[in-house]
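Below, all heavy atoms of this structure are taken into account, side chains as well, without hydrogens, waters or symmetry copies. What you see is a predicted model; the values in this text were computed from it and never measured.
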Amino acid sequence: MNDKFWISEQPLNIQEVVDLVTRREAGAINTFIGTVREFTKGKRTLYLEYQSYVPMAEKKLAQIGEEINEKWPDAETAIAHRIGRLDITDIAVVIAVSTPHRADSYDASRYAIERIKEIVPIWKKEHWENGEEWIGDQKEQKAYPTGHPEEEDLT
Amino acid sequence: MNDKFWISEQPLNIQEVVDLVTRREAGAINTFIGTVREFTKGKRTLYLEYQSYVPMAEKKLAQIGEEINEKWPDAETAIAHRIGRLDITDIAVVIAVSTPHRADSYDASRYAIERIKEIVPIWKKEHWENGEEWIGDQKEQKAYPTGHPEEEDLT
Amino acid sequence: MNKILLFARLQEKAGQAEVELDAVNKSIAEVKALLKENYQMEEIDTSMVAVNEEYANSDVVVKEGDTIAFIPPVSGG
Amino acid sequence: MNKILLFARLQEKAGQAEVELDAVNKSIAEVKALLKENYQMEEIDTSMVAVNEEYANSDVVVKEGDTIAFIPPVSGG
């Protein structure tokens, strides 16, 4: 576990992530919380299972923090991602970015979630009433790697 | 106090606001947390004092929630704003917006904070080492109502 | 009679948060002028006005029992 | 010898999370081909590869002790 970027098998605590970026220089903290949604394109999810290549994932989360600091030098970022079995409404990811002014906190937080979906080795398996499937390639909104990809919503 | 939109003299609890918008239909929750920043344009703030026309402010916060639902029908919004004396790093406002998909949660949350600064009757008095002043007209980034307005940062 | 509410700098200048005034049948513009004169509050010109907790235009006419609030530029968030 | 890590669908298909393999002096492309053949894993073609926890190109040559991970399209968040 990195100090501000980590993968956890335990439920995530929003306040804990926010505390890591709270500071006297910041007037704004944007937080993105990804939760498990019940319905995706009318299909009912029972629960999700997240798997990760943990040491690499934590490095990649930290890299996202560095990328943010290149783009927004005044930003401070913390990211926690949960793995294992998650039920509907459980929190999968918490991103917190603090900046002196609010516009940057929104932009940097948005950047973080997009990058997570691109480079961080974490995989989600959806469990439905009639089956299960590892989801991938979310940026292209299709399930992977079925023969004919099924449209999947972005979280 | 409205159920999801309220003014409080007590410290705000982020989790409490997030809980109000957590639901099975949502996969994304964006939270904006406004905190008291120590320095604004090199000037050191000792503490802030917030005042509000409470019943009207709560109505206006609820109106922002309605405006959000006109623009993003699937969104659920909760907003709490603290008043009274706030020290550096204290939380002044917590906005939480949940939506099925993440893009809307960011946009709606941003909309909320901009509207708060336009229509909600809450005022901030900055206390510095050498004086104090009621701040106003933040959208135009100037202090109000001194003769020659001093540039003020947006939170 | 009407209750007039003052906030932030207006409140400090008036030295009170609330003024009782008979503004019945006066327009908001007239009430503004009255307060500006009585309390030397130029800031009134840049304030919005709310009648019964809702923003109101200058030509709205005050009724018995209406609560009028002067809302200097807000700075929440 | 080298440790090969498999995740998500690749892991299920192989029936194991980890394979020991001597890939020294082979390129990543060659290791991919080897695994694809041995485990009938077409998904390998659309996977990224990491060597020692960092993404690596197909022409990178494996050294003794390197850990190679096959990263199917990710779906975190």
Side-chain angles (χ1 to χ4, degrees), chain A residues 12-19 21-41 44-45 48 74 87-114 116-117 124 138 141 152-155, chain B residues 12-19 21-41 44-45 48 74 87-114 116-117 124 138 141 152-155:
Chain A
L12 302 179
N13 180 317
I14 299 168
Q15 185 67 51
E16 183 186 350
V17 182
V18 169
D19 284 346
V21 302
T22 301
R23 59 210 163 97
R24 304 175 74 82
E25 298 80 15
I29 302 173
N30 188 278
T31 303
F32 179 80
I33 301 156
T35 56
V36 179
R37 188 181 51 223
E38 184 169 24
F39 285 95
T40 293
K41 295 272 182 205
R44 185 180 180 184
T45 298
L48 296 184
D74 290 333
D87 294 314
I88 308 302
T89 78
D90 278 355
I91 296 173
V93 62
V94 178
I95 298 166
V97 183
S98 70
T99 57
H101 307 291
R102 68 184 182 283
D104 286 350
S105 75
Y106 279 92
D107 294 343
S109 163
R110 182 70 194 269
Y111 178 84
I113 184 65
E114 299 302 328
I116 286 172
K117 289 172 183 288
K124 171 166 78 176
Q138 288 201 310
Q141 281 188 267
E152 284 296 328
D153 278 359
L154 298 177
T155 295
Chain B
L12 301 179
N13 181 317
I14 299 169
Q15 185 67 51
E16 183 187 350
V17 182
V18 169
D19 285 346
V21 302
T22 301
R23 60 210 164 97
R24 303 174 75 83
E25 298 79 15
I29 302 172
N30 189 277
T31 303
F32 179 80
I33 301 156
T35 56
V36 179
R37 188 180 52 223
E38 183 169 25
F39 285 94
T40 293
K41 296 272 182 201
R44 186 181 181 182
T45 299
L48 295 184
D74 290 334
D87 293 314
I88 308 302
T89 79
D90 278 355
I91 296 173
V93 63
V94 178
I95 298 166
V97 183
S98 70
T99 58
H101 307 291
R102 67 184 180 283
D104 286 350
S105 75
Y106 279 92
D107 294 343
S109 162
R110 183 70 195 270
Y111 178 83
I113 183 66
E114 299 302 329
I116 286 172
K117 289 172 183 286
K124 171 166 79 175
Q138 288 200 310
Q141 282 190 265
E152 286 296 330
D153 278 357
L154 298 179
T155 295

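- Ion pair E114(B)/R102(A) flagged as a salt bridge, since at least one NZ, NE, NH1 or NH2 atom sits closer than 4.0 Å to an Asp/Glu carboxylate oxygen.
- Residue T99(B): no heavy atom, backbone or side chain, is found under 4.5 Å from chain A.
- Contact annotation for E25(B): only backbone heavy atoms (N, CA, C, O) come within less than 4.5 Å of a heavy atom of chain A.
- Atom OG in S98(A) sits 10.0 Å away from atom CD1 in I33(B) (nearest 0.5 Å).
- The two residues P100(A) and R37(B) come nearest to each other via the heavy atoms O-NH1, 2.6 Å.
- With values rounded to the nearest 0.5 angstrom, N30(A) atom CG is found 4.0 Å from N30(B) atom CG.
- The most heavy-atom pairs under 4.5 Å with chain B, out of I29(A), V93(A), V36(A), come from I29(A).
- In this structure, the portions of T89(B) lying under 4.5 Å from any heavy atom of chain A include both its backbone and its side chain.
- Here the closest heavy-atom approach between residue T35(B) and residue A26(A) is recorded as OG1-O, 2.9 Å.
- Only the side chain of V18(A) comes within contact range of chain B, with at least one heavy atom under 4.5 Å from a heavy atom of that chain.
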Take R23(B) and E38(A), measure what side-chain contact (heavy atoms from CB on, under 4.5 Å) needs, and give me the verdict at the end. CA-CA 9 Å; R23(B) 60 210 164 97; E38(A) 184 169 24; over 6 Å; no

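- Ring pair Y106(A)/Y106(B) is perpendicular by interplanar angle, where above 60° counts as perpendicular and below 30° as parallel.
- In terms of non-hydrogen atom pairs under 4.5 Å with chain B, the most contact-rich of I95(A), I91(A), I88(A) is I88(A).
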